[in-house]
2 protein chains.
Amino acid sequence: MTPARKKPNINTSPLELMPDFQFAVSVDCVIFGYENDMLKVLLIKSDLPEFKSKWSLLGDLVHPDEDLDAASYRVLRERTGLEDVFLEQVHTFGQLNRHPAGRVVTTAYFSLINVKDHQLKQLDNELHWHPVNDIKTMAFDHKVILDTCHKTLQKKIQEEPIIFNLLEKKFSLRDLQNLYEAILGVSLDRRNFRKKLFTTDLLTDLDEMEKDVPHRPGKLYTFNHARYAKMKKKTFVGIDF
Amino acid sequence: MTPARKKPNINTSPLELMPDFQFAVSVDCVIFGYENDMLKVLLIKSDLPEFKSKWSLLGDLVHPDEDLDAASYRVLRERTGLEDVFLEQVHTFGQLNRHPAGRVVTTAYFSLINVKDHQLKQLDNELHWHPVNDIKTMAFDHKVILDTCHKTLQKKIQEEPIIFNLLEKKFSLRDLQNLYEAILGVSLDRRNFRKKLFTTDLLTDLDEMEKDVPHRPGKLYTFNHARYAKMKKKTFVGIDF
DNA sequence: ATAAAATACGTAAGGCATACACAATAAAAT
DNA sequence: ATTTTATTGTGTATGCCTTACGTATTTTAT
């Protein structure tokens, strides 16, 4: 330990921001979608010689006049054409040699979109959807970022009704259960699943049926945003570990 | 929307990191402690003219050769003299004008320490402990950062046994309950609290009693790290919102 | 000694999760 | 048309966990 001594500091003293202490800052978006009963993520091919033919997340440098959140929204919009979708910060990765070009600190976001809602923009570099479970390696530290975001997703869908962002407006209970199972990697009891979902009181019965399914059609539901907004945020106090 | 077009990008193309796209990157540590039945946080006075006499978190610029995590550990060590303590990243704040000196992106960490374990280092700028509930305003966006970390703390102590980092090695159940109540801002039933804690099987009965207390002394316990490490991480699957 | 305060232990009721069974309906096969 | 098959839709019993609350014990203060 160095002895106590007054040292100029970014929070306490007016000081100039020196170039040596400036880094590139980027955002990387883990864009999740759901297709063919699989959780998927939108990836692009990296042209960097160090990562030739490896897959990378969608990211970009944060612009000088741009908030972090704004930058991630921009990346998302440029790649999917979507606005007003679920997007949330997860974690910031600042390892020394995570990027070959130099020091780049990146903040990871995860997004949930309905695959059928959008058309992919800028189809350069083979932008497309990959089943999350098939991905073994990626460029940079992106596999770690993806895994982190996947875990966050698994945790969050159990705590908040964000999963509906991955489905179309109208869905059957079977759709919803398949999606939960795909994300969590478990199988759930159909009867208990229904019961649980109905007790949340967040599904509106549309009095409509599935169409063009090769079996008995199920009822269609929609997520009741209004009722969730009104729900008093559960002040859960419990110890559970 | 701009039409689809190939654009150089930090993840796809080799490109130089231009000075305009480089920012200062800092870490800010929300160091929590527990004293006199109150949750407290370690703060320092800011000398910046814009925030004269306002309180600030403990932070610093990340050094060019330093990981983000390493930087926050350094700040913690320099200020408290402590190593190997609980420290975890929470969120990154990148608002455009959050720092008067220019563009500074900061990553917030929260730490849990036992107040009696340490001596404060570098007592310049009136470094000391403040009750979290008394803090109304702070320098920079630090009040927002503090609130974010406080909420994260409230959530995490219900999910993982990290709260013991705030107590001494030996503690009574009363101590533990008071601490939970101080952090969560609720009162808990004493009998149910005991029962719950004992069922976790993570407390070792030391067969010792409190000393020098002005009432009937309670038993002393210690947190069983080994048993927690062995516990199979609960693969909880439930929907709860 | 007695009162006050905190610890320590216990029990009953209700709610919630889990496990499991069967009827109804629509599509596909015969 | 009838039967078969697959899937939807509903119900019930059990047990565990949370919650609410009662009472005895131990120590300190008067």
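Reminder, nothing fancy here: chain letters follow the sequence lines and each chain counts from 1. Computed from heavy atoms alone, side chains included, the values below leave out hydrogens, waters and symmetry copies.
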- Message: Need the pair for D:dT26. Rule: Watson-Crick or G-U wobble, both distances under 3.5 Å, any strand; none if unpaired.
- Response: C:dA5
- Query: Counting side-chain heavy atoms from C-beta on, which of C:dA26, C:dA17, C:dC9 comes nearest to A:K196?
  - Reply: C:dA17
- From CZ of A:F193 across to C1' of D:dT10 the rounded distance in Å is 16 Å
- Query: In terms of the angle between their ring planes, are B:F32 and B:F110 parallel, tilted or perpendicular, with boundaries placed at 30° and 60°?
  - Reply: perpendicular
- Message: Please name the nucleotide paired to C:dT30 by Watson-Crick or G-U wobble geometry with both distances under 3.5 Å, or report none.
- Response: D:dA1
- Going by the angle between their ring planes, with limits at 30° and 60°, are B:H128 and B:H130 parallel, tilted or perpendicular? parallel
- Query: Whole-Å distance between D:dT12 C1' and A:R194 CZ?
  - Reply: 16 Å
- Atom pair distance, as rounded to whole Å: CG in A:L176 and P in D:dT8: 13 Å
- Message: Looking at B:R216, I'd like to know whether one of its side-chain N or O atoms comes within less than 4.0 Å of OP1 or OP2 on D:dT25.
- Response: no
- Message: Nearest whole Å is fine: how far is D:dT7 C1' from A:Q177 CD?
- Response: 12 Å
- Message: Can you confirm whether the side chains of A:Q154 and A:Q158 place a donor and an acceptor under 3.5 Å from each other?
- Response: no
- When you match B:R174 and B:D189 each to their closest nucleotide on DNA chain C, which lands nearer the 5' end? B:R174
- Measure the distance from CG on B:L188 to C1' on D:dC21 and round it to the nearest whole Å. 16 Å
- Minimum-distance nucleotide to B:R191 side chain [options: D:dT10, C:dA8, D:dG22]: D:dG22
- Provide, to the nearest angstrom, the distance between the CZ atom belonging to A:F198 and the P atom belonging to C:dA17. 15 Å
- Task: Name the closest nucleotide to the A:H215 side chain, picking from D:dT10, D:dT7, D:dC21.
- Result: D:dT7
- Specify whether A:F241 and B:Y228 have parallel, tilted or perpendicular ring planes, treating 30° as the upper limit for parallel and 60° as the lower limit for perpendicular. perpendicular
- Nucleotide of D:dG11, C:dA19, D:dT27 approaching B:P217 most closely (side-chain heavy atoms): D:dT27
- Kindly say if A:R190 contacts the phosphate of D:dT7, meaning a side-chain N or O under 4.0 Å from OP1 or OP2. no
- Could you pick out which residue, B:M209 or A:L173, lies toward the 5' side of DNA chain D when each is mapped onto its nearest nucleotide? A:L173
- For residues B:T92 and A:T92, is any side-chain donor paired with an opposing acceptor at under 3.5 Å? yes
- Item | Nearest-angstrom distance from the residue atom CG of B:D37 to P of C:dA6 | 12 Å
- In whole angstrom, what separates B:E210's CD from C:dA5's C1'? 13 Å
- Base, sugar-phosphate, or nothing for B:K195, non-hydrogen atoms under 4.0 angstrom? base
